[in-house]
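To start, the structure itself, in structure tokens.
Lettering of chains follows the sequences in order, A, B, ..., and the numbering in each one begins at 1. Quick caveat: nothing in here was measured; it's all calculated off a predicted structure.
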Amino acid sequence: MKIRTHQVNLYYSDFHALKGITMEISANTVTALIGPSGCGKSTFLRVFNRMNDLIDGVKITGDIFIDGQEIYDRKTNIDDLRKNVGMVFQKPNPFPKSIFENVAYGLRVNGINDKKFIEERVERSLHQSALWDEVKDKMKKSAFELSGGQQQRLCIARALAIEPSIILMDEPASALDPISTAKIEELIYELKKNYTIIIVTHNMQQAGRVSDKTGFFYLGELIEYDDTKIIFTNPKNPRTQNYITGRFG
Amino acid sequence: MKRFFRRFIEKFIEGIFFLSSSVTTLTVLLIVVFLFREGMGVFNKTPIEEGFAIALNKNNSVKEISSLDMKNIFDQNITNWKTLGGNNDSIILFRIDDISNYFTDEQLGDSLQYVPKCISSLVDSLTGIIAFIPEKYIDKHFAGRKLPMDKISVGKFLSGKEWFPTAQPASQLGVLPLILGTLWVSLMAILIALPLGLATAIYMAEIASEKVRRILKPLIELLAGIPSVVYGFFGLIVIVPLIQKVFDLPVGETGLAGSIVLGIMALPTIITISEDAIRTTPRAMKEASLALGANKWQTIARVIIPYSMSGITAAAILGIGRAIGETMAVLMVTGNAAVIPHTILEPVRTIPATIAAELGEAPQGGLHYEALFALGCILFILTMATNLLVEYISKKRKYNKQ
């Protein structure tokens, strides 16, 4: 198992946001987290790269293992953890830098200065995120000159450049048009070969298209977690059934 | 009826608002026009005091004398006409008070009616003379040559290195030392204040806990509320002796003292504006950096500061703007010597300090008075330029960040 969580509880001060989440995720799969707004799926996603640490008053109990390593252990280096667990955010958030420097950022902050190595890695990452052909002639241009869909693929390239083994995606296509969304989904399918992907999505069809496994969250609980096919065709829990068929959410 | 009344009130209030805005605009325009009208008068005058003239012997070949040379002649730094391209003849100074050395009271007449004739003959007889005399004594039979004086030019005014407006016979109106003094002190102030202010802003925006911030913020705002004369007092009592001791100087009133005081005064501006700029860095931007394994310091240095760079620049320029216009504190601690400063440890004099110190003793409408107003114009242009620069930078920021 790539990732294993056991009885994870998370509190925002008094608010009990995640309630006893136990989940296992195997390598090179896509796991979709679905559920209505405020159900805790994004919070749960941010547990894996300890992004919740930034918020005051967050308390986490339970165990989260990545590659057998407890990531909330005192010995864990957060920066190293985040190098291994890349993240793509809901809205494209490139840095106000050139396209090249955006992708190179992760390498530079990790102390890599070899110009040739950086150039190769940037090119490879942009190939992986299917953006290379569109940007290869304007690497020095500001990342803000790209379209929203291109910016999001740039952010994916940026995450790939430091060679994580896990990629977290927080509604990566929710701010994009259908064509860009299709491109991102295609990309997820490609990336699955080398990476373990966890994706939060509001879009049921998207979850159905891209994921191998799906977890349904409701009010901070993991209601059901199974193969995507089963969740969408034959869910065991009536609440999952209701959500999938659009009766609430 | 009621509706009519309400409409009337609305119109009335609208009218008051319109009136106050027009009055404000008009006042601003009036001040600017007044400033420039008074200030430009200086370029219509010669550096010789009004009603006086300079006369030479008619055989003297010197065609014109600059005001600086004039000062040197009367200070006896130049003693031979050869220096100015004339004949080899030593210069004889003649002021109107010297007349009794040459003539008796009888010769001058009971009611001084023969003075013009006496001066005329004196100027005619001494080939090396330069006479500084009231214009009324030059009649149509005058045997000497009245020296034409050029009007003060903008170029000479700006590039002149001597500021001695009360010099006789020719005022020395060179504002270069004052402009340089102002810029020198202001820039040094920013060099002192920017690192300190930026560090505080970063600390408050990114590192300090909410509790610390809640104490620090009002304290810094308090700093902005202290009257500038108090800063000057503090500078005079604390910083000036300190500088004198540390650098072992004859006097502690130096450009550095002014810069330190101004730096402290510019701190609140720099801190509040750059803190606001740093806080506008989107959370998503910070998270993106942290998610790539960058630590807090790398995120601050590589993402937050570049992102808020235009805001920080604006803060620095506004700080300079404040420093350029500051009068009282600077007047108290810089020593006010109108010389071009070579090091930061010399006394300097800034434009606002000059105006404040000298306007009281300059007769209204006179050359000195108008020169001070022209200085005011220069100050106005300097501060306006900094404000325009800030506006330009913040416009650029909006364009850059969508």
B:Gln298 side, atom CD; A:Arg108 side, atom CZ - distance, nearest 0.5 Å: 12.5 Å
Closest contact, heavy atoms only, B:Ala291 versus A:Asn49: CB-ND2, 4.2 Å
Exceeds 12 heavy-atom contacts within 6.0 angstrom, atom CZ of A:Arg4: no
Over 12 non-hydrogen atoms of neighbours within 6.0 angstrom of CG in A:Asn113: no
Part of A:Pro94 lying under 4.5 Å from any heavy atom of chain B: backbone
Heavy-atom closest pair, residues A:Phe89 and B:Ala288: CE1-CA, 3.7 Å
Proximal component of B:Ser209, with respect to chain A [non-hydrogen, under 4.5 Å]: neither
A:Glu70 atom CD: more than 12 heavy-atom contacts under 6.0 Å: yes
Toward chain B, the part of A:Val85 with a non-hydrogen atom under 4.5 Å: backbone
Heavy-atom proximity to chain B below 4.5 Å, by part of A:Phe95: both
Least distance between heavy atoms, A:Lys83 atom then B:Leu292 atom: CG-O, 4.1 Å
Exceeds 12 heavy-atom contacts within 6.0 angstrom, atom OH of A:Tyr189: no
Minimum heavy-atom distance B:Gly293-A:Asn110, with the two atoms named: O-OD1, 4.2 Å
Nearest-0.5 Å distance that lies between atom CZ in B:Arg283 and atom CD1 in A:Ile55: 5.0 Å
Nearest atoms (heavy-atom pairs only) where A:Tyr105 meets B:Val303: OH-CG2, 3.2 Å
Neighbour count above 12 (heavy atom, 6.0 Å) for A:Asp56 CG: no
Interface residue of largest heavy-atom contact number with chain B, from A:Arg158, A:Met87, A:Arg50, under 4.5 Å: A:Arg158
B:Leu29 CG: over 12 foreign heavy atoms closer than 6.0 Å: yes
Smallest separation among heavy atoms of A:Asn93 and B:Ala284, with atom names: ND2-O, 2.8 Å
Heavy-atom proximity to chain B below 4.5 Å, by part of A:Lys91: neither
